[in-house]
Amino acid sequence: MPELPEVETLRRGLAEHLVGRRIVTVELRLPKLVAEGRLEELEGATVTGVRRRAKHLLIDTDRATLLVHLKLAGQIALRRADGASLAVGGHPVPRFDAPLPHRSTHLILGLDDGSRLYLTDIRHFARVWVLPAADAEARLAALGLGPEPLDPAFTPRVLAEALAGRRRPLKPTLLDQTRVAGLGNIYVDEALWRARLAPTLSAGDLDTERVERLHAAIRAVLHHAVTEGVAQVLDGRAAPGTSFPAVHGREGQPCPRCGEPVRKARIGGRGTYTCPSCQPVEHT
DNA sequence: AACTACTCCTGGAGGC
DNA sequence: TGCCTCCAGGAGTAGT
(Lines give C-alpha, C1' and ligand atoms only; values in the text may rest on other atoms or scores of the structure.)
Protein backbone atom coordinates (compact mmCIF):
# COMPACT_ATOMS: atom_id res chain seq x y z
CA MET A 1 0.00 0.00 0.00
CA PRO A 2 0.19 3.10 0.05
CA GLU A 3 2.10 3.78 3.23
CA LEU A 4 1.58 6.74 5.54
CA PRO A 5 2.83 9.46 3.15
CA GLU A 6 0.74 8.22 0.25
CA VAL A 7 -2.41 8.06 2.35
CA GLU A 8 -1.70 11.44 3.92
CA THR A 9 -1.15 13.02 0.51
CA LEU A 10 -4.40 11.51 -0.64
CA ARG A 11 -6.18 12.72 2.49
CA ARG A 12 -5.09 16.29 1.90
CA GLY A 13 -6.20 16.26 -1.72
CA LEU A 14 -9.56 14.74 -0.88
CA ALA A 15 -10.17 17.05 2.06
CA GLU A 16 -9.75 20.05 -0.21
CA HIS A 17 -12.35 18.94 -2.74
CA LEU A 18 -14.63 16.50 -0.95
CA VAL A 19 -15.67 18.22 2.26
CA GLY A 20 -19.11 19.76 1.90
CA ARG A 21 -19.94 17.63 -1.16
CA ARG A 22 -22.98 15.41 -1.12
CA ILE A 23 -22.73 11.83 -2.33
CA VAL A 24 -25.53 11.28 -4.84
CA THR A 25 -24.71 7.92 -6.41
CA VAL A 26 -22.94 4.77 -5.29
CA GLU A 27 -21.77 2.16 -7.81
CA LEU A 28 -20.20 -0.96 -6.31
CA ARG A 29 -18.58 -3.25 -8.87
CA LEU A 30 -16.81 -5.68 -6.56
CA PRO A 31 -19.11 -6.65 -3.68
CA LYS A 32 -16.34 -8.16 -1.54
CA LEU A 33 -14.72 -4.73 -1.37
CA VAL A 34 -17.19 -3.98 1.43
CA ALA A 35 -15.99 -5.71 4.58
CA GLU A 36 -18.79 -4.36 6.73
CA GLY A 37 -21.85 -2.14 6.40
CA ARG A 38 -23.84 -0.97 3.42
CA LEU A 39 -22.59 1.58 0.92
CA GLU A 40 -26.19 2.53 0.11
CA GLU A 41 -26.24 4.33 3.45
CA LEU A 42 -23.96 6.91 1.91
CA GLU A 43 -26.42 7.98 -0.77
CA GLY A 44 -27.48 11.48 0.11
CA ALA A 45 -24.82 11.87 2.79
CA THR A 46 -22.66 14.98 2.99
CA VAL A 47 -18.92 14.67 3.56
CA THR A 48 -17.88 16.41 6.75
CA GLY A 49 -14.21 15.54 6.93
CA VAL A 50 -11.38 13.38 5.69
CA ARG A 51 -8.99 11.90 8.22
CA ARG A 52 -6.12 9.42 8.39
CA ARG A 53 -5.00 6.99 11.06
CA ALA A 54 -1.93 4.89 10.22
CA LYS A 55 -2.64 3.68 6.68
CA HIS A 56 -6.40 3.97 7.06
CA LEU A 57 -8.37 6.70 5.33
CA LEU A 58 -11.58 7.87 6.97
CA ILE A 59 -14.18 9.78 5.00
CA ASP A 60 -16.65 11.16 7.51
CA THR A 61 -20.19 12.03 6.49
CA ASP A 62 -23.27 13.20 8.34
CA ARG A 63 -24.62 9.65 8.16
CA ALA A 64 -21.70 7.27 8.51
CA THR A 65 -17.95 6.98 8.21
CA LEU A 66 -16.37 5.32 5.21
CA LEU A 67 -13.22 3.61 6.44
CA VAL A 68 -10.82 2.61 3.68
CA HIS A 69 -7.68 0.48 3.68
CA LEU A 70 -5.91 0.42 0.32
CA LYS A 71 -3.64 -2.50 1.26
CA LEU A 72 -1.00 -3.23 -1.39
CA ALA A 73 -2.47 -1.88 -4.57
CA GLY A 74 -5.44 0.37 -3.86
CA GLN A 75 -5.77 3.72 -5.54
CA ILE A 76 -8.26 6.54 -5.11
CA ALA A 77 -8.83 9.24 -7.70
CA LEU A 78 -11.21 12.18 -7.60
CA ARG A 79 -12.07 13.50 -11.04
CA ARG A 80 -14.06 16.57 -11.99
CA ALA A 81 -17.14 16.17 -14.19
CA ASP A 82 -15.02 17.01 -17.22
CA GLY A 83 -12.48 14.36 -16.24
CA ALA A 84 -9.80 16.66 -14.84
CA SER A 85 -7.97 15.24 -11.83
CA LEU A 86 -8.73 16.90 -8.49
CA ALA A 87 -6.88 14.48 -6.25
CA VAL A 88 -5.23 11.10 -6.66
CA GLY A 89 -3.10 8.79 -4.57
CA GLY A 90 -2.17 5.27 -3.66
CA HIS A 91 -0.81 2.60 -5.96
CA PRO A 92 0.41 4.03 -9.28
CA VAL A 93 -1.13 1.27 -11.40
CA PRO A 94 -3.19 2.18 -13.31
CA ARG A 95 -1.34 5.39 -14.11
CA PHE A 96 -2.73 8.40 -12.30
CA ASP A 97 -3.74 9.97 -15.62
CA ALA A 98 -5.30 6.84 -17.10
CA PRO A 99 -8.92 6.87 -18.24
CA LEU A 100 -11.40 5.92 -15.50
CA PRO A 101 -13.16 3.74 -14.70
CA HIS A 102 -10.46 1.11 -15.13
CA ARG A 103 -11.48 -2.54 -15.35
CA SER A 104 -10.22 -2.87 -11.77
CA THR A 105 -12.26 0.08 -10.53
CA HIS A 106 -14.43 -1.41 -7.80
CA LEU A 107 -16.29 1.58 -6.43
CA ILE A 108 -17.50 4.87 -7.90
CA LEU A 109 -19.05 7.59 -5.76
CA GLY A 110 -20.83 10.34 -7.67
CA LEU A 111 -20.84 13.77 -5.99
CA ASP A 112 -23.37 16.57 -6.25
CA ASP A 113 -21.07 18.74 -8.36
CA GLY A 114 -20.67 16.03 -10.97
CA SER A 115 -17.25 14.93 -9.78
CA ARG A 116 -16.59 11.26 -9.14
CA LEU A 117 -14.45 9.35 -6.69
CA TYR A 118 -12.96 6.13 -8.07
CA LEU A 119 -11.51 3.35 -5.94
CA THR A 120 -9.35 1.08 -8.11
CA ASP A 121 -7.32 -1.94 -7.02
CA ILE A 122 -5.72 -4.33 -9.48
CA ARG A 123 -5.08 -6.90 -6.76
CA HIS A 124 -8.47 -6.82 -5.08
CA PHE A 125 -7.03 -6.61 -1.57
CA ALA A 126 -8.41 -3.21 -0.57
CA ARG A 127 -11.41 -3.12 1.77
CA VAL A 128 -13.92 -0.55 2.97
CA TRP A 129 -16.14 -0.42 6.03
CA VAL A 130 -19.30 1.69 6.29
CA LEU A 131 -19.79 2.31 9.98
CA PRO A 132 -21.42 4.68 12.43
CA ALA A 133 -18.74 7.16 13.49
CA ALA A 134 -18.39 5.62 16.93
CA ASP A 135 -17.96 2.15 15.44
CA ALA A 136 -15.24 3.39 13.14
CA GLU A 137 -13.35 4.70 16.14
CA ALA A 138 -13.90 1.43 17.98
CA ARG A 139 -12.62 -0.56 15.03
CA LEU A 140 -9.43 1.49 14.88
CA ALA A 141 -9.00 1.27 18.63
CA ALA A 142 -9.29 -2.51 18.47
CA LEU A 143 -6.30 -2.64 16.13
CA GLY A 144 -4.06 -1.33 18.90
CA LEU A 145 -2.20 0.95 16.51
CA GLY A 146 1.03 2.49 17.71
CA PRO A 147 1.89 6.20 17.75
CA GLU A 148 1.63 8.39 14.66
CA PRO A 149 5.21 9.16 13.69
CA LEU A 150 4.43 12.63 12.33
CA ASP A 151 2.53 13.62 15.46
CA PRO A 152 4.45 16.02 17.73
CA ALA A 153 3.81 13.52 20.54
CA PHE A 154 6.07 11.04 18.78
CA THR A 155 9.29 11.74 20.64
CA PRO A 156 12.47 9.66 20.87
CA ARG A 157 11.20 8.50 24.25
CA VAL A 158 7.95 7.25 22.71
CA LEU A 159 9.91 5.35 20.09
CA ALA A 160 12.18 3.90 22.77
CA GLU A 161 9.13 2.62 24.64
CA ALA A 162 7.74 1.09 21.46
CA LEU A 163 10.97 -0.82 20.90
CA ALA A 164 11.77 -1.70 24.50
CA GLY A 165 11.92 -5.39 25.26
CA ARG A 166 11.50 -6.40 21.63
CA ARG A 167 13.83 -9.13 20.58
CA ARG A 168 12.76 -9.18 16.97
CA PRO A 169 14.88 -7.42 14.35
CA LEU A 170 14.23 -3.76 13.60
CA LYS A 171 12.73 -4.44 10.20
CA PRO A 172 9.71 -6.53 11.25
CA THR A 173 9.32 -4.48 14.43
CA LEU A 174 8.98 -1.23 12.51
CA LEU A 175 6.54 -2.86 10.08
CA ASP A 176 4.39 -3.90 13.04
CA GLN A 177 1.56 -1.35 13.11
CA THR A 178 1.12 -1.77 16.86
CA ARG A 179 4.67 -0.47 17.45
CA VAL A 180 4.71 2.52 15.11
CA ALA A 181 1.73 3.25 12.88
CA GLY A 182 1.93 3.88 9.17
CA LEU A 183 5.35 2.62 8.16
CA GLY A 184 5.60 0.13 5.32
CA ASN A 185 8.32 -1.68 3.46
CA ILE A 186 9.72 1.26 1.51
CA TYR A 187 9.84 3.82 4.29
CA VAL A 188 11.29 1.38 6.82
CA ASP A 189 14.16 0.66 4.45
CA GLU A 190 14.67 4.36 3.84
CA ALA A 191 14.56 5.27 7.52
CA LEU A 192 17.00 2.55 8.52
CA TRP A 193 19.41 3.61 5.80
CA ARG A 194 19.15 7.22 6.86
CA ALA A 195 19.75 6.25 10.50
CA ARG A 196 22.66 3.99 9.47
CA LEU A 197 21.12 1.02 11.25
CA ALA A 198 21.09 -2.56 10.01
CA PRO A 199 17.55 -3.99 9.72
CA THR A 200 18.68 -7.14 11.53
CA LEU A 201 19.60 -5.35 14.77
CA SER A 202 17.49 -6.45 17.69
CA ALA A 203 14.91 -3.70 18.22
CA GLY A 204 15.14 -3.66 21.99
CA ASP A 205 18.91 -3.44 22.03
CA LEU A 206 19.30 0.05 20.62
CA ASP A 207 21.05 2.54 22.87
CA THR A 208 19.62 6.03 23.34
CA GLU A 209 21.77 7.56 20.66
CA ARG A 210 20.64 5.01 18.07
CA VAL A 211 17.00 5.42 19.04
CA GLU A 212 17.36 9.16 18.56
CA ARG A 213 18.93 8.63 15.17
CA LEU A 214 16.14 6.28 14.14
CA HIS A 215 13.50 8.67 15.43
CA ALA A 216 14.94 11.57 13.46
CA ALA A 217 15.28 9.41 10.35
CA ILE A 218 11.67 8.18 10.46
CA ARG A 219 10.40 11.73 10.84
CA ALA A 220 12.65 13.11 8.12
CA VAL A 221 11.84 10.43 5.57
CA LEU A 222 8.08 10.68 6.10
CA HIS A 223 8.07 14.45 6.27
CA HIS A 224 10.07 14.71 3.08
CA ALA A 225 7.74 12.31 1.29
CA VAL A 226 4.66 14.25 2.30
CA THR A 227 5.92 17.79 1.77
CA GLU A 228 7.96 17.24 -1.37
CA GLY A 229 5.17 15.34 -3.04
CA VAL A 230 7.31 12.27 -3.67
CA ALA A 231 4.52 10.19 -2.23
CA GLN A 232 2.35 11.15 -5.15
CA VAL A 233 4.73 10.19 -7.92
CA LEU A 234 6.55 7.27 -6.36
CA ASP A 235 6.01 4.24 -8.52
CA GLY A 236 7.49 1.60 -6.25
CA ARG A 237 10.87 1.64 -7.87
CA ALA A 238 13.53 4.26 -8.04
CA ALA A 239 13.38 6.38 -11.15
CA PRO A 240 16.77 7.08 -12.73
CA GLY A 241 18.12 10.49 -11.81
CA THR A 242 15.95 10.89 -8.72
CA SER A 243 17.15 10.80 -5.13
CA PHE A 244 14.23 8.93 -3.64
CA PRO A 245 14.07 6.22 -2.61
CA ALA A 246 17.75 6.27 -1.67
CA VAL A 247 18.09 2.49 -1.39
CA HIS A 248 14.72 0.76 -1.73
CA GLY A 249 14.46 -0.87 -5.13
CA ARG A 250 18.02 0.06 -6.01
CA GLU A 251 19.87 -3.24 -5.75
CA GLY A 252 23.36 -2.95 -7.15
CA GLN A 253 23.22 0.81 -7.53
CA PRO A 254 25.68 2.96 -5.56
CA CYS A 255 24.68 4.10 -2.08
CA PRO A 256 24.03 7.86 -2.35
CA ARG A 257 26.16 8.37 0.76
CA CYS A 258 29.23 6.20 0.25
CA GLY A 259 28.99 4.64 -3.20
CA GLU A 260 28.94 1.04 -2.00
CA PRO A 261 26.49 -1.09 -4.03
CA VAL A 262 23.07 -1.44 -2.44
CA ARG A 263 22.33 -4.99 -1.33
CA LYS A 264 19.00 -6.78 -1.36
CA ALA A 265 18.11 -9.39 1.25
CA ARG A 266 15.00 -11.06 2.56
CA ILE A 267 14.22 -10.15 6.16
CA GLY A 268 10.99 -11.15 7.82
CA GLY A 269 9.78 -12.29 4.43
CA ARG A 270 10.10 -8.83 2.90
CA GLY A 271 12.52 -7.57 0.29
CA THR A 272 14.94 -5.39 2.21
CA TYR A 273 17.49 -2.98 0.76
CA THR A 274 20.52 -1.72 2.64
CA CYS A 275 23.96 -0.25 2.21
CA PRO A 276 26.21 -2.87 3.84
CA SER A 277 28.84 -0.23 4.46
CA CYS A 278 26.63 2.46 6.03
CA GLN A 279 24.51 -0.05 7.96
CA PRO A 280 27.01 -2.37 9.64
CA VAL A 281 25.65 -5.49 11.31
CA GLU A 282 27.81 -5.23 14.43
CA HIS A 283 25.78 -4.44 17.51
CA THR A 284 25.89 -2.90 21.00
C1' DA B 1 6.39 -14.14 22.20
C1' DA B 2 7.87 -14.83 17.80
C1' DC B 3 8.90 -17.24 13.77
C1' DT B 4 7.31 -19.18 9.14
C1' DA B 5 4.05 -20.24 5.72
C1' DC B 6 0.00 -19.25 3.57
C1' DT B 7 -3.89 -16.43 1.96
C1' DC B 8 -6.35 -12.80 -0.63
C1' DC B 9 -5.28 -11.14 -6.52
C1' DT B 10 -3.32 -9.24 -10.89
C1' DG B 11 0.24 -6.83 -13.51
C1' DG B 12 4.80 -5.79 -14.73
C1' DA B 13 9.49 -6.96 -15.39
C1' DG B 14 13.03 -9.78 -16.83
C1' DG B 15 14.85 -14.21 -18.86
C1' DC B 16 14.75 -16.96 -22.89
C1' DT C 1 5.72 -11.30 -29.91
C1' DG C 2 4.98 -14.97 -26.49
C1' DC C 3 5.70 -17.89 -22.61
C1' DC C 4 7.48 -18.53 -18.08
C1' DT C 5 8.82 -17.26 -13.48
C1' DC C 6 9.29 -14.20 -9.96
C1' DC C 7 8.11 -10.46 -7.29
C1' DA C 8 5.15 -7.02 -5.15
C1' DG C 9 4.49 -0.13 -0.72
C1' DG C 10 -0.40 -5.08 3.62
C1' DA C 11 -1.95 -7.71 7.06
C1' DG C 12 -4.75 -11.46 9.00
C1' DT C 13 -4.68 -16.40 10.28
C1' DA C 14 -2.78 -20.88 11.49
C1' DG C 15 0.78 -23.91 12.87
C1' DT C 16 5.22 -24.67 15.19
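These values consider heavy atoms only, across backbone and side chains, with no hydrogens, waters or symmetry-generated copies. Below, chains carry the letters A, B, ... as their sequence lines are ordered, and counting in each starts from 1.
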Over how many whole Å does the gap from [X] atom [atom1] to [N] atom [atom2] extend?
X: A:L145; N: C:dG10; atom1: CG; atom2: C1'; result: 13 Å
X: A:Q75; N: C:dG10; atom1: CD; atom2: C1'; result: 17 Å
X: A:L174; N: C:dA11; atom1: CG; atom2: C1'; result: 16 Å
X: A:L70; N: C:dG10; atom1: CG; atom2: P; result: 12 Å
X: A:R179; N: C:dA11; atom1: CZ; atom2: P; result: 15 Å
X: A:D176; N: C:dG10; atom1: CG; atom2: P; result: 13 Å
X: A:I267; N: B:dA2; atom1: CD1; atom2: P; result: 17 Å
X: A:E190; N: C:dG9; atom1: CD; atom2: P; result: 12 Å

Atom [atom1], compared across [N] and [M]: separation rounded to whole Å:
N: B:dC9; M: C:dC3; atom1: P; answer: 24 Å
N: B:dC3; M: C:dG9; atom1: C1'; answer: 23 Å
N: B:dC8; M: C:dC4; atom1: P; answer: 22 Å

TODO: Report the nucleotide, chosen from B:dC9, C:dG10, C:dG9, that has the shortest atom-to-atom distance to any side-chain atom of A:E6.
DONE: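 Taking heavy atoms from C-beta onward, the closest nucleotide is C:dG9.
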
Open item on the list: Which nucleotide wins on minimum distance to the side chain of A:K32, given the candidates B:dC8, B:dG11, B:dC3?
Closed with: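 Selected nucleotide (nearest to the side chain): B:dC8.
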
Among Ile, Leu, Val, Met, Phe, Trp and Tyr joined by side-chain contacts under 4.5 Å, find the other residues sharing a cluster with [X] and list them by chain and number.
X: A:V93; value: A:I122
X: A:L143; value: A:L58, A:L67, A:W129, A:L131, A:L140, A:L145
X: A:I108; value: A:L100, A:Y118
X: A:Y273; value: A:W193, A:V247, A:V262

- [ ] Before accepting this row, confirm whether a basic side-chain N of the pair A:E41/A:R63 lies closer than 4.0 Å to the acidic partner's carboxylate O.
- [x]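 Salt bridge absent between A:E41 and A:R63.
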
Open item on the list: So that I can tick it off, tell me whether A:R123 and A:D121 are bridged by a salt bridge, with the cut-off set at under 4.0 angstrom between side-chain N and carboxylate O.
Closed with: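 Judged by the 4.0 Å cut-off on N to carboxylate O distance, A:D121 and A:R123 do not form a salt bridge.
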
- [ ] Determine the sole option in A:L78, A:L86, A:V24 for which the side-chain contact (heavy atoms from CB on, under 4.5 Å) test with A:L111 is passed.
- [x]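 The option that passes is A:L78.
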
Collect all protein-nucleotide pairs involving nucleotides 6-8 of chain C in which both atoms are nitrogen or oxygen and the distance is under 3.5 Å.
unit_1 : atom_1 : unit_2 : atom_2 : d
C:dA8  : OP1    : A:K264 : NZ     : 3.3
C:dA8  : OP2    : A:R266 : NH1    : 3.3
C:dA8  : OP2    : A:R266 : NH2    : 3.2
C:dA8  : N3     : A:R123 : NH1    : 3.1

Please check the phosphate of [N] (OP1 and OP2 only) for any side-chain N or O of [X] closer than 4.0 Å.
X: A:Q177; N: C:dG10; value: no
X: A:R103; N: B:dG11; value: yes
X: A:H69; N: C:dG10; value: no

- [ ] Could I get the full list of side-chain contact (heavy atoms from CB on, under 4.5 Å) partners for A:A15, not counting sequence neighbours?
- [x]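 With neighbours one apart ignored, the set is A:R11, A:V50.
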
Task: side chain to side chain donor-acceptor pair (under 3.5 Å) partners of residues 131-147 of chain A, not counting sequence neighbours, each pair once - done: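 For residues 131-147 of chain A: A:R51-A:E137.
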
Open item on the list: Which residues pass the side-chain hydrogen bond (donor to acceptor under 3.5 Å, both in side chains) test with A:R257, not counting sequence neighbours?
Closed with: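 By the side-chain hydrogen bond (donor to acceptor under 3.5 Å, both in side chains) rule, A:R257 matches no residue at all.
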
Task: Ring-on-base stacking B:dC8 with A:F125 (under 5.5 Å, under 30°) - done: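 According to the criterion (under 5.5 Å, under 30°), yes, A:F125 stacks.
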
Side-chain atoms of residues 31-39 of chain A: list all donor-acceptor pairs with protein atoms under 3.5 Å, sequence neighbours left out, distances to 0.1 Å.
none

TODO: Under 4.0 Å between any heavy atoms, over every strand shown, what does A:P169 touch: base, sugar-phosphate, or nothing? Just pick one.
DONE: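 Result for A:P169 = sugar-phosphate.
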
TODO: Classify the nucleic acid contact of A:R127 as base, sugar-phosphate or nothing, counting any heavy atom under 4.0 Å across all strands shown.
DONE: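 A:R127: no heavy atom of the nucleic acid under 4.0 Å.
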
Task: Heavy-atom donor-acceptor pair, A:Q75 side chain to A:H91 backbone, under 3.5 Å - done: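 Yes; at least one donor-acceptor contact below 3.5 Å.
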
TODO: Applying ring-ring contact (aromatic ring centres under 6.0 Å, His included), name anything that partners A:H102, two or more places apart in sequence or on another chain.
DONE: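 With sequence neighbours excluded, A:H102 shows a ring-ring contact (aromatic ring centres under 6.0 Å, His included) to no residue whatsoever.
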
TODO: Would you please enumerate the stems DNA chain B participates in, each stem being three or more consecutive Watson-Crick or G-U wobble pairs with both distances under 3.5 Å?
DONE: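 When the pairs of DNA chain B are grouped into runs of at least three, the stems are B:2-8 with C:10-16, B:10-16 with C:2-8.
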
Dump every N/O contact between nucleotides 2-4 of chain C and the protein below 3.5 Å, one line per pair.
none

